[in-house]
*Asks:* 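The structure follows.
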2 protein chains.
Amino acid sequence: MKHDINISESEWCVMEYLWSNPMATITEIRKALSSTGWSDSTIKTLVRRLVSKNAVAINDEASTFRYYPLISQQKCRLKETKSFINRVYDGSVSMLVTNLAAESNLTDKETEELLTLIEKMRKE
Amino acid sequence: MKHDINISESEWCVMEYLWSNPMATITEIRKALSSTGWSDSTIKTLVRRLVSKNAVAINDEASTFRYYPLISQQKCRLKETKSFINRVYDGSVSMLVTNLAAESNLTDKETEELLTLIEKMRKE
DNA sequence: TATAACAGGCTACAACTGTAACCTTTAATT
DNA sequence: AATTAAAGGTTACAGTTGTAGCCTGTTATA
């Protein structure tokens with residue numbers, strides 16, 4: 001029932017906070033994201049959009065609304081990761097990991113071990 | 001001089017082809033992307049946008065234009081990977097790799113080895 | 001009690017994306 | 001020669017995203 005929820009980059013910041021702090025109020029979210037420099041309106045717009053996307057729900061038991069995520073960070077990460085790998089690495093996990101290995105400063109031996117593991121992953 | 005080139009998902013398909021086949025004509029691109037079902041106009045729009053973004057240039061020596069990439073796949077992959085990891089994994093490469101490992105069917109021992117390597121990567 | 005700050009709700013607006021039609025000119029095929 | 005198929009160029013149009021203002025009512029604080 002949670003098809004096709006696309007979370008934009010800015011919205012993702014709000015989700016991050018809600019995943020760590022479910023049942024947060026707007027003020028709490030705003031405080032947490034103050035480093036972004038976004039206006040109060042912007043935060044409210046992002047939250048509203050997340051609600052209309054069914055990514056976030058409202059708890060209105062108290063006088064001030066509290067917002068909480070309807071989708072898990074785990075699921076979202078998985079979805080984003082898959083679409084990223086498909087788009088950028090043509091669906092190849094091993095190519096991604098190979099690139100990551102090349103970017104970090106592993107010794108030759110470590111890289112070799114990593115590549116061996118990648119080979120195994122690739123088997124599936 | 002090649003800062004901030006953002007390539008959208010559809011545009012990425014065109015880039016993929018141009019990276020494999022630089023100096024391609026529109027017809028060649030269209031043929032290559034025929035499986036997408038995009039109309040001729042759509043392909044032309046994507047190419048035009050890539051040109052205006054300075055991601056692609058035109059070679060007009062022959063009567064029919066040929067298009068070629070101005071940015072390397074390597075650089076684009078790096079940029080996309082970085083922004084992806086920042087957005088989704090809070091900048092943590094090791095968290096991403098941990099997730100990848102969990103998703104693939106490694107044995108416990110393999111996973112353990114992989115995690116050891118990740119630990120080493122994390123050191124930097 | 002007056003005032004400032006915030007909640008909730010509505011509206012806005014430009015850039016970017018996905019997707020495509022239409023027009024004119026040229027080249028190829030019947 | 002007539003038709004068809006591009007090529008190149010221009011325009012379009014709706015949905016998403018980044019970013020925010022304005023209005024009204026409430027609450028906390030000077």
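Keep in mind it's a predicted model, so treat the numbers as computed, not measured. Each chain gets a letter, A, B and so on, in the order the sequences are listed, and its residues count up from 1.
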*Asks:* B/L50 has an atom CG; how far is it from atom P of C/dT17, in whole Å?
*Replies:* 10 Å

*Asks:* Could you give the CD1-to-C1' distance, from A/I43 to D/dG21, as a whole number of Å?
*Replies:* 15 Å

*Asks:* Could you report the tightest heavy-atom contact between A/N6 and A/K53, atom names first, then the distance?
*Replies:* O-NZ, 2.7 Å

*Asks:* Return the 5'-most residue of the pair A/Y67, A/T45 with respect to DNA chain C, ranking by each residue's nearest nucleotide.
*Replies:* A/Y67

*Asks:* Nearest 0.5 Å, please: how far is CG in A/L18 from CG in A/L70?
*Replies:* 10.0 Å

*Asks:* Side chain of A/I26 only, please: which of C/dG8, C/dT17, D/dG8 is the nearest?
*Replies:* C/dG8

*Asks:* Output the rounded distance in Å from CD (B/E9) to P (D/dT16).
*Replies:* 14 Å

*Asks:* With distance as the sole criterion, do the side chain of A/S41 and the base of D/dG21 form a donor-acceptor contact below 3.5 Å?
*Replies:* yes

*Asks:* C/dT26 C1' sits how many Å from B/F65 CZ, rounded?
*Replies:* 13 Å

*Asks:* Rounded to whole Å, please give me the gap between CD in B/E11 and P in C/dC16.
*Replies:* 10 Å

*Asks:* Between B/F84 and A/F84, what is the ring plane arrangement, given parallel below 30°, perpendicular above 60°, and tilted in between?
*Replies:* parallel

*Asks:* If I compare all heavy atoms of B/G91 with all of B/N86, which pair ends up nearest, and what's the gap?
*Replies:* CA-OD1, 3.3 Å

*Asks:* Using a heavy-atom cut-off of 4.0 Å across all strands, would you classify B/R48 as base, sugar-phosphate, or nothing?
*Replies:* base

*Asks:* Look at the side chain of B/N6 and decide which nucleotide, out of C/dT17, D/dA20, D/dG8, has an atom nearest to it.
*Replies:* C/dT17

*Asks:* If you check the B/T64 side chain, which of D/dG8, D/dT19, C/dG8 turns out closest?
*Replies:* D/dG8

*Asks:* Could you check A/K44 against A/S10 and say which one's nearest nucleotide on DNA chain D is further toward the 5' end?
*Replies:* A/S10

*Asks:* Which one, C/dG9, D/dA20, D/dT17, comes nearest to the side chain of A/S39?
*Replies:* D/dA20

*Asks:* Of all the choices, C/dT17, D/dT19, C/dG8, which nucleotide is nearest to the side chain of B/S8 once you look at every atom?
*Replies:* C/dT17

*Asks:* Any side-chain donor paired with an acceptor under 3.5 Å for B/T45 and B/T42?
*Replies:* no

*Asks:* With a 4.0 Å cut-off on heavy atoms, is B/K31 in touch with a base, just the backbone sugar-phosphate, or nothing at all?
*Replies:* nothing

*Asks:* Calculate the interatomic distance between A/R49 atom CZ and D/dT16 atom C1'; express it in whole Å.
*Replies:* 8 Å

*Asks:* Of the listed nucleotides (D/dT19, C/dT19, C/dG8), which one gets closest to any side-chain atom of A/L46?
*Replies:* D/dT19

*Asks:* Starting at atom CG of B/D40, determine the distance to atom P of C/dG18, rounded to an integer number of angstrom.
*Replies:* 18 Å

*Asks:* Is there a side-chain contact between A/S63 and the phosphate of D/dT26, meaning an N or O under 4.0 Å from OP1 or OP2?
*Replies:* no

*Asks:* Please give me the minimum heavy-atom distance between B/R87 and A/W12, naming the atom from each residue.
*Replies:* O-NE1, 2.9 Å

*Asks:* Picking from C/dG8, D/dT19, C/dC6, which would you name as closest to the side chain of A/R30?
*Replies:* C/dC6

*Asks:* What does B/T25 touch in the nucleic acid at a heavy-atom separation under 4.0 angstrom: a base, only the sugar-phosphate, or nothing?
*Replies:* nothing

*Asks:* How long is the line joining CZ of A/R87 and C1' of C/dT17, in whole Å?
*Replies:* 13 Å

